[in-house]
Amino acid sequence: MTSDEYVIEADGARRCYAGGFEAVTGVTFSVARGEIFALLGTNGAGKTSTVELLEGLARPSDGTVRVLGHDPHRERAAVRPRIGVMLQEGGFPSDLTVTETVRMWAGCTTGARPVGEALELVGLGARAGVRVKQLSGGEKRRLDLALALLGRPEVLFLDEPSTGLDAEGRRDTWELVRQLRDGGTTVLLTTHYLEEAETLADRLAIMYQGRIVTAGTPAEVTAARPARIRFALPHGVTAGQLPLSLRAAEYDGRRVEIRTRELQEALGELLLWARETGVRLEGLDARSASLEEAFLDIASGTETVGV
């Protein structure tokens with residue numbers, strides 16, 4: 001893929017705050033046109049600080065960022081009409097109705113959608129006359145999203161888009177994001193919901209202490225980690241009696257965990273051994289590595305390999 005096909009680019013981007021704190025320590029990544037890219041990390045990992053650089057809300061202390069081929073801070077006039085931004089919290093005037101809020105925002109938006117269309121997109125059509133202060137937390141997030149979509153953006157930044165939504169609202173939002181992607185919109189989102197990232201993202205990156213530790217498709221990120229097999233052995237049988245290739249440390253008495261990068265082969269050998277020896281494996285659970293495991297390894301600091 002050529003650089004012309006990337007609509008979001010960060011190259012060695014750093015962001016320092018007053019007092020010398022470095023929130024972003026030289027991140028490099030690219031997002032292709034029509035792609036959903038997720039930034040993951042614990043609170044304080046640097047996600048929002050990175051996204052704010054791309055949105056043009058701040059300039060990098062070092063390195064470069066480009067959105068649609070422009071510096072989003074220095075060339076804001078060229079970038080702002082082509083992007084949509086959903087912040088973590090909108091801060092709307094509480095006494096305005098939903099319609100009044102969208103109409104006010106539309107007055108500042110180039111080529112804005114009709115107000116009714118924007119509200120129907122996010123499922124707020126029936127709440128058009130309700131005052132903002134009467135909306136639930138999830139409905140306010142839907143209103144945030146409606147405003148981000150007003151200008152039919154080519155690039156959409158979503159900061160924790162499903163926070164406060166119930167299960168149905170979350171699924172509806174996911175479906176809308178997919179439709180936008182299929183229509184050519186490039187989406188960069190931050191989220192604490194790993195299921196959201198695994199379900200939506202074409203590619204993702206996990207940040208830790210201001211840098212990207214690992215990146216790739218969800219499958220690539222999880223495939224880099226071993227699968228696990230867990231079970232309990234009967235009384236009188238120890239982990240030392242397992243086949244040599246499956247030897248594992250016991251934990252919690254009879255409980256055993258085996259970590260392997262060859263799940264099918266290891267599980268087959270284990271089951272064959274159990275059948276031949278007449279051992280019953282209680283609570284047998286075998287599964288590939290999950291995005292949650294990868295995330296927790298990084299969040300705990302046990303994963304420190306950069307990309």
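Since we're looking at a predicted model, the values are computed, not measured. All residue numbers in this chain count up from 1 along the given sequence.
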Leu149 and Leu180, any side-chain heavy atoms less than 4.5 Å apart: yes
Geometric cation-pi criterion Arg170 and Tyr193, 6.0 Å radius, 45° cone: yes
Other residues, nucleotides, ligands: >12 heavy atoms within 6.0 Å of Glu292 CD: no
Test side chain to side chain donor-acceptor pair (under 3.5 Å) applied to Asp11 - qualifying residues, sequence neighbours left out: none
Residue among Ile212, Asp297, Thr214 satisfying side-chain contact (heavy atoms from CB on, under 4.5 Å) with Ile206: Thr214
Closest non-hydrogen atom pair, Thr50 against Leu39: CG2-CD1, 4.1 Å
Ion pair Glu154/Arg82, N-O distance below 4.0 Å: yes
Salt bridge flag under 4.0 Å for residues Arg33 and Glu5: no
Leu54 side chain reached by Phe157 side chain, heavy atoms, under 4.5 Å: yes
Closest approach of Leu87 to Arg141 (non-hydrogen atoms, all atoms of both residues): O-NH1, 2.8 Å
Partner of Asp285 by salt bridge (Lys or Arg N to Asp or Glu O under 4.0 Å), out of Arg228, Arg255, Arg230: Arg228
Greater than 12 external heavy atoms within 6.0 Å of Arg76's CZ: yes
Residues Glu220 and Arg203 bridged, charged N to O under 4.0 Å: no
Salt bridge flag under 4.0 Å for residues Arg131 and Asp95: no
Flag side-chain contact, heavy atom, 4.5 Å: Asp159 against Met86: no
Pairwise side-chain contact, Thr260 with Pro226, heavy-atom cut-off 4.5 Å (strictly under): no
Shared hydrophobic cluster for Leu188 and Ile83 (ILVMFWY, side-chain gaps under 4.5 Å): yes
Inter-residue atom distance Leu135.CG - Thr101.OG1, 0.5 Å rounding: 8.0 Å
Arg59 CZ: over 12 foreign heavy atoms closer than 6.0 Å: no
Lys/Arg-Asp/Glu bridge criterion (N-O < 4.0 Å) met for Asp144, Arg142: no
Co-members of Tyr17 in a cluster of I, L, V, M, F, W and Y side chains, linked at under 4.5 Å: Phe21
Pair Arg103 + Glu100, salt bridge at N-O below 4.0 Å: no
Glu22 bridged to Arg15 by N-O distance under 4.0 Å: no
